[in-house]
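To find a chain, count down the sequence lines: A is the first, B the second, and so on, and within it residues start at 1.
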2 protein chains.
Amino acid sequence: MKPPSPPEAHLEAWRRYYVSFWRIFAAIEADLQAAGLPSLSWYDALYELYLAPGRHLRMSALARSALLSRSGLTRLVDRLEQEKLIERKSCPKDGRVQHAMLTDRGVETLRKIWPVYRAGIAKYFAAHLTEAEAKEFARVVGKIAAAMQPAQSGDTAGASCKPAR
Amino acid sequence: MKPPSPPEAHLEAWRRYYVSFWRIFAAIEADLQAAGLPSLSWYDALYELYLAPGRHLRMSALARSALLSRSGLTRLVDRLEQEKLIERKSCPKDGRVQHAMLTDRGVETLRKIWPVYRAGIAKYFAAHLTEAEAKEFARVVGKIAAAMQPAQSGDTAGASCKPAR
DNA sequence: GCTGGATAGTTGCATACGCAACAAGAAGAC
DNA sequence: GTCTTCTTGTTGCGTATGCAACTATCCAGC
């Protein structure tokens with residue numbers, strides 16, 4: 001019973017995946033910072049709320065969507081609330097639960113970030129793919145993302161890991 | 001002159017790319033931590049040194065390879081040196097330059113990390129791709145990685161961004 | 001040789017993150 | 001009703017990161 005050993009093509013694919021992701025990510029973050037805008041962490045959280053029905057989610061659900069630990073999310077929500085981009089709402093049905101709710105100011109911020117983010121995606125990612133390549137890429141990566149679905153549970157369970165800046 | 005707007009297929013590809021990467025990354029980091037092994041940051045740096053001729057690189061070169069800022073690398077090298085996985089060597093030709101050199105203990109550590117890392121790649125990434133898909137994937141992602149090559153220069157220039165854990 | 005500017009790496013400080021411990025509340029057993 | 005156990009979010013602490021400022025060194029012009 002040796003550990004599964006991916007064939008060479010798969011390893012090379014991973015290596016390039018890894019490197020290109022970090023580079024694109026760093027480049028987009030740099031663009032956002034240069035434009036005086038918040039980082040992708042903020043965007044991710046705000047956008048998940050924007051998509052949610054009623055523009056609010058409970059903390060733990062948001063943590064999963066935003067790929068953060070519960071404690072990481074608490075702090076992120078602290079910062080977002082300080083900037084008045086979201087509001088905390090206690091749940092009347094369950095006293096333990098807090099909901100994060102997107103404010104109008106939050107929506108406005110999303111709208112400011114998106115053009116820069118979109119331009120970054122175009123420049124650093126999309127520019128290198130034909131339409132057909134993008135479709136095939138989306139299909140394959142979709143399989144991976146779908147398979148990794150849960151990864152949830154508490155602080156623990158490695159549900160997390162986001163960059164510092 | 002409106003900003004370049006990637007077509008829908010490209011945006012969807014990016015979205016899935018982003019999500020799947022974080023999930024795979026988090027899962028692999030969790031596996032490494034569960035095995036009591038250092039994180040991928042350490043692996044990346046050690047592996048770059050392993051590949052380098054003479055198993056050493058100057059700090060700034062290593063920072064680029066390891067996708068860290070110069071200051072981030074200084075601290076990472078501090079930690080690696082404390083664990084005796086690398087050694088700092090001053091360059092006799094240029095007093096400003098420091099070289100990080102992989103020790104035998106460092107090689108040994110690499111060899112301990114790799115099976116766990118490889119198994120993670122297999123489980124979370126490779127398992128979902130056929131050989132043909134992996135080859136196509138590598139080709140396309142390779143184009144992206146190649147285009148993003150430099151991103152270098154000092155602390156600044158967004159050459160960086162690595163996760164906190 | 002000297003001097004002024006460029007370059008390499010380090011350090012102070014601020015920030016963002018995870019984990020473990022915790023507090024508040026809910027839900028089930030009885 | 002009360003007690004135990006589980007769940008949810010928060011807090012203390014340690015750690016990893018980037019940026020800006022700094023030091024030491026090199027190099028080009030003179």
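- Side-chain proximity of A:Gln98 to C:dA8, C:dT10, D:dT10: nearest is D:dT10.
- As rounded to whole Å, 8 Å separates atom C1' of D:dC19 from atom CD of A:Gln33.
- Remark: P of C:dC17 and CG of A:Leu76 are 6 Å apart, rounded to the nearest angstrom.
- For A:Arg70, taking side-chain heavy atoms from C-beta onward, the closest of the listed nucleotides D:dG18, C:dC17, D:dG9 is D:dG9.
- Rounded to whole angstrom, the span from the CG atom of B:Leu68 across to the P atom of C:dT10 amounts to 13 Å.
- At least one side-chain nitrogen or oxygen of B:Arg58 sits closer than 4.0 Å to the OP1 or OP2 atom of C:dA8.
- Here the P atom of nucleotide C:dT15 and the CH2 atom of A:Trp42 are 11 Å apart, to the nearest Å.
- Taking atom CG on B:Asp78 and atom P on C:dT11, their separation rounds to 7 Å, with Å as the unit.
- The nearest pair of heavy atoms linking A:Leu46 to A:Thr109 is CD1-CG2, 4.2 Å.
- Taking atom CZ of residue B:Arg75 and atom P of nucleotide C:dA14, one finds them 14 Å apart after rounding to whole Å.
- Of the residues in residues 80-95 of chain B, those lying under 4.0 Å from DNA chain D by heavy-atom distance are B:Asp94, B:Gly95.
- Ionic pairing of B:Glu12 and B:Arg15 is present here: one or more N-O contacts between side-chain nitrogen and carboxylate oxygen are shorter than 4.0 angstrom.
- At whole-Å resolution of the value, CG in A:Leu62 and C1' in D:dG9 are 13 Å apart.
- B:Gly54 and B:Met101 get closest at one heavy-atom pair: O-CE, 3.5 Å.
- Between A:Arg79 and C:dC17 there is a side-chain polar atom (N or O) within less than 4.0 angstrom of OP1 or OP2.
- OP1 or OP2 of C:dC17 sits under 4.0 Å from a side-chain N or O of A:Ser41.
- The phosphate of C:dG9 has OP1 or OP2 within less than 4.0 Å of a side-chain N or O from B:Ser60.
- Heavy atoms of B:Thr74 sit under 4.0 angstrom from at least one base atom.
- Neither OP1 nor OP2 of D:dA16 sits under 4.0 Å from any side-chain N or O of B:Ser39.
- Listed nucleotides: D:dT11, C:dA8, D:dC19. Nearest to the side chain of B:Val97: C:dA8.
- A:Tyr17 has its ring centre less than 6.0 Å from the ring centre of B:Tyr17.
- Checking D:dT8, D:dC26, C:dT11 against every side-chain atom of B:Arg96, the shortest atom distance belongs to D:dC26.
- A side-chain hydrogen bond (donor to acceptor under 3.5 Å, both in side chains) with B:His56 is found for exactly one of B:Glu87, B:Arg88, B:His99, namely B:His99.
- With hydrogens and angles ignored, no donor-acceptor pair closer than 3.5 Å exists between the side chain of A:Ser69 and the base of C:dC17.
- When ring centroids are compared, A:Trp14 and B:Tyr124 stay outside the 6.0 Å threshold.
- Ring geometry for A:Phe137 versus B:Phe137: interplanar angle under 30°, hence parallel rather than tilted (30 to 60°).
- Note: CG (A:Asp44) to P (C:dA16) measures 15 Å, nearest angstrom.
- Relative orientation of the A:Tyr43 and A:Tyr47 rings is parallel, given thresholds of 30° and 60° on the angle between their planes.
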